[in-house]
**Student:** 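The structure under discussion is supplied below as structure tokens; questions concerning it will follow.
This chain uses plain numbering: 1 for the first residue, then up along the sequence.
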Amino acid sequence: MLSGDGPIFLQLAERVAEDIINGTYAEETAVPSTNEYAAFYQISPITAAKGIGILVEQEALYKKRGIGMFVSPGARGRLLAARKAAFREQRLAPLLHEAELLGIDRHELAGMIATTPPTTTTTPPLTDKDHS
């Protein structure tokens with residue numbers, strides 16, 4: 001279920017982008033339909049379509065008429081580049097600033113990062129239903 005901060009459609013777009021980045025959905029492979037995302041995350045199909053629409057605008061997904069939505073060639077690289085730039089600006093710079101204020105040097109910070117467990121997310125399974 002989506003329960004992060006911000007609008008649900010943005011959370012869905014982020015989740016699908018993560019799935020493209022981590023290889024759950026490779027280039028030229030189908031992603032679940034908006035109806036499947038809506039059912040899996042218990043959201044409105046309109047909200048799901050709005051989230052998927054963001055990825056179409058970013059050229060991460062494209063529609064094959066009558067077949068469904070597919071991952072665009074080069075999508076992973078484009079999404080990675082955009083996410084890395086956003087990470088540096090929105091998270092890394094403030095983190096380094098806060099560490100400096102607290103007297104945490106980069107070596108100690110690296111140790112903290114190394115011992116922090118990663119998080120995982122769950123995505124809906126791809127079915128043989130219409131992927132439009």
**Student:** With a sphere of 6.0 Å drawn around CD of Glu100, does it hold more than 12 non-hydrogen atoms of other residues, nucleotides or ligands?
**Tutor:**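 Check fails, neighbour count at 12 or below.
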
**Student:** Answer whether the closest heavy-atom distance between the side chains of Ile20 and Leu61 falls below 4.5 Å.
**Tutor:** yes

**Student:** Would Tyr37 and Ile21 show up in the same hydrophobic cluster when neighbours are defined by side-chain heavy atoms closer than 4.5 Å?
**Tutor:**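 As far as the 4.5 Å side-chain criterion goes, Ile21 and Tyr37 are connected within one cluster.
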
**Student:** I'd like to know if the side chain of Ser72 and the backbone of Ala75 have a donor-acceptor N/O pair within less than 3.5 Å.
**Tutor:**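 Side chain of Ser72 to backbone of Ala75, a donor-acceptor pair under 3.5 Å: no, none is there.
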
**Student:** Measuring from atom CZ of Phe40 to atom CG of Leu12, what distance do you get when rounded to the nearest 0.5 angstrom?
**Tutor:** 11.0 Å

**Student:** Using only heavy-atom distances, determine whether the side chains of Tyr25 and Glu18 contain a donor-acceptor pair under 3.5 Å.
**Tutor:**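 Not at all, the side chains of Tyr25 and Glu18 share no donor-acceptor pair under 3.5 Å.
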
**Student:** Any side-chain heavy atom of Ile54 sitting closer than 4.5 Å to one from Lys50?
**Tutor:** no

**Student:** Between Lys84 and Glu89, does any NZ, NE, NH1 or NH2 come within less than 4.0 Å of an OD or OE carboxylate oxygen?
**Tutor:** no

**Student:** Between Gly51 and Ala13, what is the shortest heavy-atom contact and its length?
**Tutor:**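 So the two residues come closest at O-CB, 3.5 Å.
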
**Student:** Measure the CD-CD1 distance between Glu108 and Ile113 for me, rounded to the nearest 0.5 Å.
**Tutor:** 11.0 Å

**Student:** Using side chain to side chain contact (heavy atoms under 4.5 Å, CB included), reason through Glu28 and Tyr62 one step at a time and then give a plain yes or no.
**Tutor:** CA-CA 9 Å; Glu28 298 293 342; Tyr62 70 96; 2.4 Å; yes

**Student:** Is the closest side-chain heavy-atom distance between Val31 and Glu36 below 4.5 Å?
**Tutor:** no

**Student:** Do Glu98 and Leu95 pass the side chain to side chain contact (heavy atoms under 4.5 Å, CB included) test, and can you show the C-alpha distance, the side-chain angles, and the key distance before you say yes or no?
**Tutor:** CA-CA 5 Å; Glu98 184 69 14; Leu95 173 74; 5.8 Å; no

**Student:** Do Phe70 and Thr29 touch side chain to side chain, with heavy atoms closer than 4.5 Å?
**Tutor:**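 They are not in side-chain contact.
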
**Student:** Please answer whether the main-chain N or O of Pro73 pairs with a side-chain N or O of Arg78 as donor and acceptor at a distance below 3.5 Å.
**Tutor:** yes

**Student:** At their closest point, which heavy atom of Phe9 faces which heavy atom of Thr47, and how far apart are they?
**Tutor:**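 For Phe9 versus Thr47, the nearest heavy atoms are CB-O, 3.5 Å.
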
**Student:** Can you check whether Tyr41 reaches Gln11 side chain to side chain, under 4.5 Å on heavy atoms?
**Tutor:** no

**Student:** Using the side-chain contact (heavy atoms from CB on, under 4.5 Å) rule, pick out the option among Gln58, Glu57, Glu59 that qualifies with Leu55.
**Tutor:**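 The passing option is Gln58.
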
**Student:** Do you know which two heavy atoms are closest between Leu79 and Ala60, and how far apart they sit?
**Tutor:** CD1-CB, 3.9 Å

**Student:** Only one of Ile52, Ile46, Ile43 passes side-chain contact (heavy atoms from CB on, under 4.5 Å) with Thr34; say which it is.
**Tutor:**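 Of the listed options, the one satisfying the test is Ile52.
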
**Student:** Regarding Asn22 and Thr24, is there a side-chain donor-to-acceptor distance under 3.5 Å anywhere?
**Tutor:**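 A pair is found: one side chain offers a donor N or O, the other an acceptor, under 3.5 Å apart.
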
**Student:** Start with the C-alpha distance between Glu14 and Arg83, add both sets of side-chain angles, then the distance that settles side chain to side chain contact (heavy atoms under 4.5 Å, CB included), and finish with yes or no.
**Tutor:** CA-CA 10 Å; Glu14 286 293 315; Arg83 298 274 300 254; 3.4 Å; yes

